[in-house]
Amino acid sequence: MEPVAVGLIGAGPWARMAHAPMLAKGPHTRLAGVWARRPEAAAELGVPVFARVEELFDVCEAVAFCVPPAVQAELGARAARAGKALLLEKPLADSLEGARRLADAVAESGVASQMVLTLRYAVQTRAFLARCGEIQPFGGHAANISGALLGDHPFATPWRLKRGALLDVGPHVIDLLDAALGPVTGVRAHGNSLGWTGLLLEHEGGAVSEASLCMAAVGDLPPATFAVYGRTGNAVLLPIDDDPLEMIAEEFAATVRNGGGHPLDAAHGLRLQQIIAEAEAQLAP
């Protein structure tokens, strides 16, 4: 089967580190070209660079996004209306309104979509979630602590510096607790997204979980942790030592070829955005 021709929008650090190599590596995808606001950065990726995003749409059947959330919301809707399948970064948008517009555009156009919630594609995560399904889970906790907002860290980008951990790593953490314990039905938040954020999540079926998020810590920091406790046992997410990006590319190609149906689609991204918006409204300014 021919690899899916994917156009890349964005040429920042994460595009160079993850998206471009992932899509160019094959065998399931082919990097057809790139459009970015900085053509000089796009040229460093070694594929055709397009001056207009519509020109990129002309040479691909799917589009991957590696841009700030507000830009993804706008250009993702344009790509959907152009009939292109979408590989979307988290968060879906910078606002709940933007996320709704993008999810609506995907639904109305009928294109396939898939979110890059990286943790969900790792072998260790899938074993963890399978174990959660066996233990009748009733509670859990997670922590994602880093110093990514400090100094000259490559991910200390304007939108992260403005919105902080909840919008950036929050989708990963909420998504995984949601998958492990059941759909999130309520959230209570305290703290400050630019400092320390604490979340209490209520899940369908009565389970509860807590999450701690911070991107302003210093020193030698532990890796992210996830643990779930049930009536017949417990589950702990082991360190991820495989490459989830290969699975993302493989599953996205299948999503495109099958015409959609991936569980981590734009509608799922919208649901995560709704939870985050509710939590943000509760945080101290």
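- Members clustered with Val236: none, using a 4.5 Å side-chain heavy-atom cutoff among hydrophobic residues.
- Note on residues 189-202: pairs passing salt bridge (charged side-chain N to carboxylate O under 4.0 Å, His left out), not counting sequence neighbours, are Arg188-Glu202.
- His262 pairs by the side-chain hydrogen bond (donor to acceptor under 3.5 Å, both in side chains) definition with Glu251, not counting sequence neighbours.
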Inset, instruction - Just do the salt bridge (Lys or Arg N to Asp or Glu O under 4.0 Å) check on Glu61 and Arg30 with the steps written out, would you? - result: CA-CA 10 Å; Glu61 53 192 308; Arg30 173 176 63 85; over 6 Å; no
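- The salt bridge (Lys or Arg N to Asp or Glu O under 4.0 Å) test applied to Glu74 returns Arg78, not counting sequence neighbours.
- Sorted by first and then second residue, the salt bridge (charged side-chain N to carboxylate O under 4.0 Å, His left out) pairs involving residues 134-150 (not counting sequence neighbours) are Arg131-Glu134.
- Applying the salt bridge (Lys or Arg N to Asp or Glu O under 4.0 Å) test to Asp265 and every residue at least two apart in sequence or in another chain returns nothing.
- Using a 4.5 Å cut-off on side-chain heavy atoms (C-beta onward), Asp94 and Arg163 make contact.
- Identified under the salt bridge (charged side-chain N to carboxylate O under 4.0 Å, His left out) test for residues 176-187, with sequence neighbours left out: Asp178-Arg271.
- Tyr229 meets the side-chain hydrogen bond (donor to acceptor under 3.5 Å, both in side chains) test with no other residue; sequence neighbours excluded.
- Contact between Pro171 and Ile276 at its shortest, heavy atoms only, is CG-CD1, 3.6 Å.
- Applying the salt bridge (Lys or Arg N to Asp or Glu O under 4.0 Å) test to Arg81 and every residue at least two apart in sequence or in another chain returns nothing.
- A side chain to side chain donor-acceptor pair (under 3.5 Å) check over residues 239-248, counting only residues at least two apart or in different chains, returns the pairs Lys25-Glu246, Gln124-Asp241.
- Heavy atoms of other residues, nucleotides or ligands lying less than 6.0 angstrom from CD of Glu2 number 12 at most.
- Every residue two or more places apart in sequence or in another chain that forms a side-chain hydrogen bond (donor to acceptor under 3.5 Å, both in side chains) with Arg160 is listed here: Thr157, Asp168.
- Within the structure, side chain to side chain donor-acceptor pair (under 3.5 Å) contacts touching residues 208-222 (residues at least two apart or in different chains) are His203-Ser209.
- Side-chain N/O atoms of Thr255 and Gln114 include a donor and acceptor closer than 3.5 Å.
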